[in-house]
Amino acid sequence: MTIFLKPLELLWRGVNRVRRALYRRGVMKPRRLPRPVISVGNLAAGGTGKTPAVITIARYLEKRGFRVAVLTRGYGRAANASGVVTSLDAATFGDEPVLLKSKLKNIDVIVGPKRYQNAIRLLNANECDLFILDDGFQHLQLARDVNVVVDAGNGVMREGRSALADADFILQRRLRLIVPEELTNRRVFAFAGLADNEQFFASLRANGLKIAGTSSFRDHHRYTAADIAAIKQAAQTARAEAIVTTEKDAVKVDDRDIIAIAAEMIIEPEILASIAEKISG
């Protein structure tokens, strides 16, 4: 973090501390949905693995017979679409909602900043047993039955560690990259538009990939044809044999020459079982 961002972080943390104190004391009251809510969030602004955590938790609950729906804000949308994600169009629905939908094909993913209203609208037209609130730890206006926090990230902090007193489950960032076999012993050029691109590049190296070069973009970057052409030129200059990126970036790039590297969040079975038990009981 640069010295210029530190004052903004302190202001952000201060505002969130006051908000959390007001909710804890009952001065401000959250709205409660007629279904259980599992919030999955973090303390840091991005780069913690919360989206893979949502996917892991949703898949576990779905396999156990729960009808799950996911509420997500949808950063990085070019349009102001709100409601159920009906196509894998990242420009309309946002990169993270589209990634969630691509992984959770039989689960409704609802995008938009008004999470309570979106959930009620879904229930009026459909049915579910529970909601997972993506990036929900600071969305205090919606009541939750389970608070899951991924405790990772070294960037801008939304809240101090005292906020973890409200967490039911604190997860460490344990991501497993799924590297296609065809990349073994090949030089690759990697690009990403994440909150922490270097974290992704380091993970590739840790998984044995030979990184010929990298290119970084801002989080939720919308790739243009010129961006992709520049990436391919840089890869060619670096004598890379393949180009790789994250799944979050890949949903915004329609190019068969670019290989998406999947990442799975590892959550202990005991924790997943405990989450299911809390919403069942």
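All heavy atoms count here, side chains included; hydrogens, waters and symmetry mates do not.
The shortest distance between side-chain heavy atoms of Val68 and Cys128 does not fall below 4.5 Å. Side-chain contact between Pro30 and Gln141: absent, with no pair of heavy atoms (C-beta onward) separated by less than 4.5 Å. Residues Ile258 and Val244 are not in side-chain contact: their nearest non-hydrogen atoms beyond the backbone lie 4.5 Å or more apart. A 4.5 Å side-chain heavy-atom check between Thr86 and Phe93 finds at least one atom pair inside the cut-off. You'll find the side chain of Val179 reaches within 4.5 Å of the side chain of Leu209, heavy atoms only. Considering only heavy atoms from C-beta on, Arg59 comes within 4.5 Å of Leu104 through its side chain. Residues Leu33 and Ile120 have side chains in contact (heavy-atom distance under 4.5 Å, counting atoms from C-beta outward).
The side-chain contact (heavy atoms from CB on, under 4.5 Å) check on Arg31 picks up Tyr116, Gln117, with sequence neighbours excluded. A search for salt bridge (charged side-chain N to carboxylate O under 4.0 Å, His left out) contacts involving Arg187 returns nothing, not counting sequence neighbours. Applying the salt bridge (charged side-chain N to carboxylate O under 4.0 Å, His left out) criterion to Arg24, with sequence neighbours excluded, gives Asp166. Under the salt bridge (charged side-chain N to carboxylate O under 4.0 Å, His left out) criterion, Glu182 pairs with no residue at all, not counting sequence neighbours. Qualifying side-chain contact (heavy atoms from CB on, under 4.5 Å) partners for Val27, counting only residues two or more places apart in sequence or in other chains: Leu22, Arg25. In terms of the ring pair (Phe, Tyr, Trp, His ring centres under 6.0 Å) criterion, residue partners of Tyr75 (sequence neighbours excluded) are, by chain and number, His220. The side-chain contact (heavy atoms from CB on, under 4.5 Å) search around Thr224 returns Ala226, Asp227, not counting sequence neighbours.
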Taking distance alone, no hydrogens or angles, what donor-acceptor pairs closer than 3.5 Å link side-chain atoms of residues 261-276 to residues at least two apart or in another chain?
| from | atom 1 | to | atom 2 | distance (Å) |
| --- | --- | --- | --- | --- |
| Glu264 | OE1 | Arg176 | NH2 | 2.7 |
| Glu268 | OE2 | Arg174 | NH1 | 2.8 |
| Ser274 | OG | Glu270 | O | 2.9 |

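Shown here for Arg158 and Ala45, the closest heavy-atom pair between the two residues is NE-CA, 3.8 Å.
If you take CG on Leu71 and CD1 on Ile38, they are separated by 11.5 Å, rounding to the nearest 0.5 Å. Interatomic distance, CG of Asp249 versus CG of Asp95, reported as 7.5 Å (0.5 Å rounding).
Sorted by first and then second residue, the pairs that involve residues 165-193 and meet ring-ring contact (aromatic ring centres under 6.0 Å, His included), not counting sequence neighbours, are Phe191-Tyr223. Here side-chain hydrogen bond (donor to acceptor under 3.5 Å, both in side chains) pairs that include residues 103-113, with residues two or more places apart or in two chains, are Lys103-Glu247, Asp108-Asn126. Sequence neighbours left out, the pairs with a member in residues 228-244 that pass salt bridge (charged side-chain N to carboxylate O under 4.0 Å, His left out) are Lys232-Asp255, Lys232-Asp257. Sorted by first then second residue, the ring-ring contact (aromatic ring centres under 6.0 Å, His included) pairs that include residues 122-142, not counting sequence neighbours, number zero.
Looking at Glu127 and Arg35, a side-chain N of the basic residue comes within less than 4.0 Å of a carboxylate O on the acidic one, giving a salt bridge. Between Arg161 and Asp151 a salt bridge is recorded (basic side-chain N to carboxylate O distance below 4.0 Å). Using a cutoff of 4.0 Å between basic side-chain nitrogens and carboxylate oxygens, Asp89 and Lys252 are not scored as salt-bridged. Between Glu159 and Arg17 no salt bridge is recorded (no basic side-chain N to carboxylate O distance below 4.0 Å).
When each of Ile57, Asp134, Thr56 is paired with Val40, the side-chain contact (heavy atoms from CB on, under 4.5 Å) condition holds for Ile57 and for no other.
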Stepwise side-chain hydrogen bond (donor to acceptor under 3.5 Å, both in side chains) test for Asn118 and Arg121: CA-CA 5 Å; Asn118 286 343; Arg121 194 175 298 118; 2.8 Å; yes

As a quick check of understanding, evaluate side-chain hydrogen bond (donor to acceptor under 3.5 Å, both in side chains) for Tyr23 and Arg19, giving each step before the final call. CA-CA 6 Å; Tyr23 276 101; Arg19 288 182 67 249; 4.5 Å; no

